[in-house]
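Just below is one structure, and these are the notes that go with it.
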Amino acid sequence: QVELVESGGGSVQAGGSLRLSCAASGVTVSDWSMGWFRHLPGKEREGVAALNRFDDTAYTDSVKGRFTISRDNAKNTLYLQMNSLKPEDTALYYCAADPSYSDMRGVPGAPVWTYWGQGTQVTVSS
C-alpha cells in the first residue's frame, strides 16, 4: 500500500525558508517519478517541481532559482527546499508519485500522478 506523508510546512515571513519532506512507503523514491504540487482554494492544483528516476528535474517558472527538489534514497524521502519565500507561495503543498511517467520537459500535470499525499500548509506573510 502506497502512503505519502508530507511535513515541514508552517508560517514564515517573506524572504524566509522552509524545507518540506515527503516520507514514502510502498514507493521507492529512487525508482519512481516524484513531484510537489500546491493548491489554493478556488484555483487549480499547480505543479511546482518534479524529478524522475534519472535525476531529471522540472520546475514551474515562478519557483526557479528559489526552490530545489531532492530525495534521500536511504530514507525513502522526497524534499522541497524553499528559499526566498513570497506571499504568493502560500498554499497547501502536496507530494505526488508515479511509477512510470518520466518526461520532465515540464512539471507533469496532475492527471499524470497516481498517488498523492494529504498535504502540508505553507503560509508566507509579508
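Note that this is a predicted model, so its numbers are computed, not measured.
- Residue Met34 holds its CE atom at 11.5 Å from OG of Ser70, rounded to the nearest 0.5 Å.
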Per-pair distances, 0.1 Å, donor-acceptor, side chain in residues 108-115, under 3.5 Å, sequence neighbours excluded:
from	atom 1	to	atom 2	distance (Å)
Trp113	NE1	Pro108	O	3.1
Trp113	NE1	Gly109	O	3.4
Thr114	OG1	Asp98	OD1	2.5

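- A salt bridge (Lys or Arg N to Asp or Glu O under 4.0 Å) check over residues 30-42, counting only residues at least two apart or in different chains, returns the pairs Arg38-Glu46, Arg38-Asp89.
- Qualifying salt bridge (Lys or Arg N to Asp or Glu O under 4.0 Å) partners for Lys64, counting only residues two or more places apart in sequence or in other chains: Asp61.
- Across every non-hydrogen atom of Val124 and Thr90, the tightest pair is N-OG1, 2.8 Å.
- Taking Ile, Leu, Val, Met, Phe, Trp and Tyr as hydrophobic and joining them when side-chain heavy atoms fall under 4.5 Å apart, one finds Phe54 isolated, its cluster having no other members.
- With sequence neighbours excluded, no residue forms a side chain to side chain donor-acceptor pair (under 3.5 Å) with Arg45.
- The distance from the OG atom of Ser126 to the NZ atom of Lys86 is 13.5 Å, given to the nearest 0.5 Å.
- Residue pairs meeting the disulfide (SG to SG under 2.5 Å) criterion with at least one member in residues 31-61: none, sequence neighbours excluded.
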Only pairs under 3.5 Å count here: list side-chain donor-acceptor contacts from residues 17-25, not counting sequence neighbours, and write none if there are none.
from	atom 1	to	atom 2	distance (Å)
Ser17	OG	Asn83	OD1	2.9

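- One hydrophobic cluster, built from ILVMFWY side chains closer than 4.5 Å, cannot hold both Leu51 and Tyr94; they sit in different ones.
- A centroid separation of less than 6.0 Å is found between the aromatic rings of Phe37 and Trp116.
- Separating the OG atom in Ser62 from the CD atom in Glu88 is a distance of 8.0 Å, to the nearest 0.5 Å.
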*Report the C-alpha separation of Leu78 and Ile69 in whole Å, then their side-chain angles, then the decisive distance to 0.1 Å, and conclude whether the side chain to side chain contact (heavy atoms under 4.5 Å, CB included) test is met.*
CA-CA 8 Å; Leu78 178 74; Ile69 189 171; 3.8 Å; yes
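- The minimum heavy-atom distance between Pro87 and Ala14, with the atom names listed, is CD-CB, 4.1 Å.
- Distance alone, capped at 3.5 Å, places no donor-acceptor pair between the Thr120 side chain and the Tyr93 backbone.
- Note: the hydrophobic cluster containing Val12 also contains Phe67 (ILVMFWY, side chain heavy atoms under 4.5 Å, direct or indirect links).
- Applying the side chain to side chain donor-acceptor pair (under 3.5 Å) rule to Asp103 yields the partners Arg105; only residues at least two apart in sequence or on another chain are considered.
- Between Met82 and Val122 the shortest heavy-atom distance is CE-CG2, 3.8 Å.
- The side chain to side chain contact (heavy atoms under 4.5 Å, CB included) search around Asn73 returns Val29, Ser30, Arg71, not counting sequence neighbours.
- Taking all atoms of both residues into account, the shortest heavy-atom contact from Met104 to Ala50 is SD-CB, 3.6 Å.
- Thr68 is linked by a side chain to side chain contact (heavy atoms under 4.5 Å, CB included) to Tyr59, Gln81, counting only residues two or more places apart in sequence or in another chain.
- Not one N or O on the side chain of Ser84 forms a donor-acceptor pair closer than 3.5 Å with the backbone of Arg66.
- Clustering ILVMFWY residues whenever any of their side-chain heavy atoms sit less than 4.5 angstrom apart, transitively, puts Val107 in a cluster other than the one holding Val63.
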With a cut-off of 3.5 Å and sequence neighbours excluded, list every side-chain donor-acceptor pair involving residues 1-9.
from	atom 1	to	atom 2	distance (Å)
Glu6	OE1	Gln118	N	3.0
Glu6	OE1	Gly119	N	2.9
Glu6	OE2	Cys95	N	2.8
Glu6	OE2	Gly119	N	3.2

